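Quick notes on the structure that follows.
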Amino acid sequence: MTELERDSDIDKTDDDVENADIDESELSGRAGKIITLAKRRGFFWNSNEIYGGSAGFYDYGPLGTRLECNLVDIWRDIFVIQEGYAEISTPVITPEMVFSASGHLKEFTDLMVECKKCSEPFRADQLLTEHHPQPDNLNAEEVNGMLTEFGIKCPVCGGALSEAYPFNLMFKTNIGPGSKRIGYLRPETAQGMFINFHLLYRYFREKIPFGVVQIGRAFRNEISPRQGMIRLREFKMAELEYFIDPSDKSHPKYERIKGLKIPLLPAGKPQEEAKPTTVAITLEEAIEKKILGSEVMAYFIGLTYEYLNSIGLSGPSLRFRQHGEKEKAHYAEDCWDAEILTSFGWIECVGIADRSCYDIERHNEYSGHTLAVTIHHEQPIEREVKKVIVDNKALGKKFKALSVKIKAALEKLDGNKVADDGSPLKVNIDGKDYEIDRDCFEVKTVTEKEFGKKIIPHVIEPSFGLDRITFALIENSYYERESSYRVLRFKPQVAPINAGVFPLMAKPELVEVTQKCIENLKNMKLNIFYDDSGSIGRRYARMDEAGTPFCVTIDYDSLKDNTVTIRERDSTDQVRIKIANLPKILNDLIEEKLIFKEIKAA
RNA sequence: GCGGCUGUGAUCUAGUCUGGUUAGGAUCGGAGCUUCCCAAGCUUCUUGCCCGGGUUCGAAUCCCGGCAGCCGCACCA
C-alpha cells in the first residue's frame, strides 16, 4: 500500500471502518520522515539537544506551538464556550497531602528493593509472585515481612536485599527552604479541580451537573520514556471534570449526539483477537446493547469524537477502546480511550473515565472539609425517628474530656435497636469499652424534617493528552505527493500558517503590492507568511511542508488589473481573483464557508 | 531497568574495520543574478565528527564511562 492509497482510506465512510485493513508495518517508516520534517520546519524536537538531549522532554518550535495553540482554541470553543464549562487554573506544585488523599502517593508507586552487594534494583512485588496472589497490593511493611519470612535473596548474585522503598512516578520537590514541606509536580491537572469542589459548587449556584476544565502541564517521571512525543515526562493536558448526581447519569444534550456512529472496541473478547475489529454503531445503539453504561459516557465519547473530527482526525485511524478490568487506573470505574493509529501503533490520546465518587470522597475524608452536594427534596420529608438524646451535663460530669467522643458514638446508634429496659449502653471508644448509664441519655421519638440529601457527586472525566493529539494530527496529516515531496494536510483552521503571500519575484513594485495585501489580511486576524526567496515553486513547497492551506501570489498582471492568484495546497489548483475580494474570500476559505472549487475567477 | 545495535552541519550520507593533509558530497538554509506559477538554473556563503576520560607523537577512527536514539524484554497508563 502506498502512502497515497492509505490517504484515500481516510475518506471512507463509517461503514467501512469495520473492514478497514490498515497495514501497521507500512506505517513504521513514516515516523522517521515525520520527525525529520518536524525538526526541519520547526514543529518539535527533543529538548536540550546541545547538551546531549533528555529523554521524555520535547520542545515545540514556532509552527508546533501555533498548531497546538489552534487545537487548544478549538477545544476551548467546544468545552468552554459551547458547553459552558468553567475553566480554572491551579498550581503545578502541590503539597503532599493532596496526593495522599488522591491515592497517587501510594498507588502511583512501585516498591523497589536493591541488592546490598551488587546494587541491582528489583521491583519488590516481582520477587513475591510465588508467595502471594496479588503482591502489587502489598504495602512496604508487608513486603519486608514476606521478604524476610521467605528468605528472599538477590536473584542475580544471591546477596542480601535492602528494605523495600517506593519508587513513585511523581517528581518530588521541597516547598520553601528545608525539606519538611514536601511537594510534588502534579501527575494530572484533575486534583486542582477536585480540591476546589466546594468553591466551584458555589460558583455554579449549588446545582449539579456542572463541568470544570483545566488546561496545563502535568509531570510523570517515567522509567523509560520511548516513542518520541508519545510518552513524555512533562506534558500538557486538557481535562474536564463533569460532576453529576450518581442516581442520574443522563445528559441534557444526549439527544443531540445519540445518532453519531462511532467505532467502538469494548473490553473483553473483541480486544483479544489478533486484529481487533471495531464496531461502528450509533451511541444510542451502544447504550441499548449495554456496550456503554450511561448517557453521560456516551455524550462525552460523542463530544470527543466531534472534537477530534473538527481538528481533522477521523476515519479508520480513530477508535474508542474500553479499558479492561486490570488496566484501569486506581480511581476509575469505567474508562474509554480515544485511540489514534500512528506509526507507533494505536495510541491513547483521550481517556474518558468514570471516576465515580472516588476523588471527592477521599478529599472529604483527608481534608475534613465537606465536599458534597445537597439534593433538595421537592417537599421536606417528615418522619418519626427514635433517637438517643444525650444529657450533656450528666455525661460531661462523668466522663470529662472523653464525653465528646462518647456523645458522638451514642448519637450514631439506631434508636430502634436500643433496648427499652433501662439497661446501660456499651460503646467502644479507641478500642476500649465504656458502659454508659441511663442517667446520661434517653431514647426519644422525635419528628425529623429532611429538606434534602447530601450526596458525593460522581465525576466523569474526559482527559485530553495535547501532545499526543498534536503528534497524531501531524502524522495523520502527512502524505507524499511525489517521491520526497511532503505535504501536511491540515484543516485550514488548525494550520499554523493560514496563508503564504508572495511576490512572484522580489521586485520593489511587486513587493509593495504584496505588503499592502498582507496588511489587509492581518487585519482579518489571519496568520500570514511572507516569502520572496527562491523560485515560486520552492516557496509553494515550503508552505506545503508547513501545512499552509493557501498561497497568494502577486505578479506583473496584478499591477495592471488588480488581480492575484490564489493557490490551494492539496489540488495545487489556482484561480485569479480581485485583490479587493481577497480578504473576504481567504477568510471564508479558512473558515470553510467557501470551497476552493466554487471561487469564481475574476 | 536489562540485552543487542547505532551516534559525522538543520537533514541524508562518505570516511571508522586498517589512527596520519584543511573531514568529502548532496539536500535544506542565507546573500545575489534570472518577467520565475509548482523543490529549475547560475554565483557565493554559514553551520558538523554526541559528551567526558584514556591509549598514542597524533583519535571521527581504538578502549572505558555517560547521554541520546532504535529494536526486543520488563515496566507504566
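Remember, it's a predicted structure, so these values are computed and weren't measured experimentally. Naming convention: chains lettered A, B, ... in sequence-line order (proteins, then strands); numbering from 1 in each chain.
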With rounding to whole Å, what would you report as the distance between [N] and [M] at their [atom1] atoms?
{"N": "B/G52", "M": "B/G7", "atom1": "C1'", "result": "16 Å"}
{"N": "B/G25", "M": "B/G53", "atom1": "P", "result": "31 Å"}
{"N": "B/C71", "M": "B/A10", "atom1": "P", "result": "24 Å"}
{"N": "B/U46", "M": "B/G3", "atom1": "C1'", "result": "42 Å"}
{"N": "B/G15", "M": "B/G48", "atom1": "C1'", "result": "14 Å"}
{"N": "B/U55", "M": "B/A60", "atom1": "P", "result": "16 Å"}
{"N": "B/G24", "M": "B/C49", "atom1": "C1'", "result": "13 Å"}
{"N": "B/U21", "M": "B/A59", "atom1": "P", "result": "12 Å"}

Base paired to [N] (Watson-Crick or G-U; both N/O distances under 3.5 angstrom):
{"N": "B/U61", "result": "none"}
{"N": "B/C42", "result": "B/G32"}
{"N": "B/G72", "result": "B/C2"}
{"N": "B/C37", "result": "none"}
{"N": "B/C12", "result": "B/G25"}

Considering only heavy atoms and no angle criterion, is a donor-acceptor pair shorter than 3.5 Å present between the side chain of [X] and the base of [N]?
{"X": "A/Asp555", "N": "B/C37", "answer": "yes"}
{"X": "A/Thr565", "N": "B/C37", "answer": "yes"}
{"X": "A/Arg567", "N": "B/C37", "answer": "no"}
{"X": "A/Tyr540", "N": "B/C37", "answer": "yes"}

Does [X] have its ring centroid less than 6.0 Å away from the ring centroid of [Y]?
{"X": "A/Tyr307", "Y": "A/Phe464", "value": "yes"}
{"X": "A/Phe235", "Y": "A/Tyr58", "value": "no"}
{"X": "A/Tyr184", "Y": "A/Phe171", "value": "no"}

Could you pick out which residue, A/Glu568 or A/Ser54, lies toward the 5' side of RNA chain B when each is mapped onto its nearest nucleotide?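 Comparing both residues, the 5'-ward one is A/Glu568.
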
Taking for each residue the nucleotide of RNA chain B with the nearest heavy atom, is it A/Asp573 or A/Tyr51 whose nucleotide lies nearer the 5' end? A/Asp573

Given [options], identify the nucleotide with an atom nearest to the side chain of [X].
{"X": "A/Ala55", "options": "B/A68, B/A77, B/C12", "result": "B/A68"}
{"X": "A/Tyr485", "options": "B/A77, B/C38, B/C36", "result": "B/C38"}
{"X": "A/Ile536", "options": "B/A68, B/C37, B/G29", "result": "B/C37"}
{"X": "A/Leu169", "options": "B/G69, B/C76, B/C36", "result": "B/C76"}
{"X": "A/Ser533", "options": "B/G30, B/G29, B/A77", "result": "B/G30"}
{"X": "A/Gln574", "options": "B/G30, B/A10, B/C38", "result": "B/C38"}

Using whole Å, what does the distance between atom [atom2] of nucleotide [N] and atom [atom1] of [X] come to?
{"X": "A/Asn46", "N": "B/G7", "atom1": "CG", "atom2": "P", "result": "18 Å"}
{"X": "A/Ile35", "N": "B/A68", "atom1": "CD1", "atom2": "P", "result": "16 Å"}
{"X": "A/Phe57", "N": "B/G69", "atom1": "CZ", "atom2": "P", "result": "11 Å"}
{"X": "A/Glu49", "N": "B/A68", "atom1": "CD", "atom2": "C1'", "result": "9 Å"}
{"X": "A/Arg231", "N": "B/G1", "atom1": "CZ", "atom2": "P", "result": "15 Å"}
{"X": "A/Asn48", "N": "B/C51", "atom1": "CG", "atom2": "C1'", "result": "14 Å"}
{"X": "A/Leu504", "N": "B/U34", "atom1": "CG", "atom2": "C1'", "result": "12 Å"}
{"X": "A/Ile50", "N": "B/A10", "atom1": "CD1", "atom2": "P", "result": "11 Å"}

So what does [X] touch, heavy atoms closer than 4.0 Å: a base, only the sugar-phosphate, or nothing?
{"X": "A/Arg542", "result": "sugar-phosphate"}
{"X": "A/Gly351", "result": "nothing"}
{"X": "A/Phe502", "result": "nothing"}
{"X": "A/Thr553", "result": "base"}
{"X": "A/Glu188", "result": "nothing"}

Does either side chain, that of [X] or that of [Y], offer a donor lying less than 3.5 Å from an acceptor on the other one?
{"X": "A/Ser477", "Y": "A/Arg489", "value": "no"}
{"X": "A/Thr470", "Y": "A/Asp467", "value": "no"}
{"X": "A/Glu333", "Y": "A/His458", "value": "no"}

For a quick test of reading the model: is some side-chain N or O of [X] closer than 4.0 Å to OP1 or OP2 of [N]?
{"X": "A/Lys33", "N": "B/C12", "result": "no"}
{"X": "A/Arg538", "N": "B/C28", "result": "yes"}
{"X": "A/Ser535", "N": "B/C38", "result": "no"}

Would you kindly check if the NZ (Lys) or CZ (Arg) of A/Arg321 is within the cone defined by 45 degrees around the ring axis of A/Trp346 and under 6.0 Å from the six-membered ring centre?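 No, cation not above the ring by the 6.0 Å, 45° rule.
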
Only one of A/Arg567, A/Arg569, A/Arg539 passes salt bridge (charged side-chain N to carboxylate O under 4.0 Å, His left out) with A/Asp544, and that residue is A/Arg567

Quick one: do A/Arg40 and A/Glu545 make a salt bridge, cutoff under 4.0 Å?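 Salt bridge: yes.
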
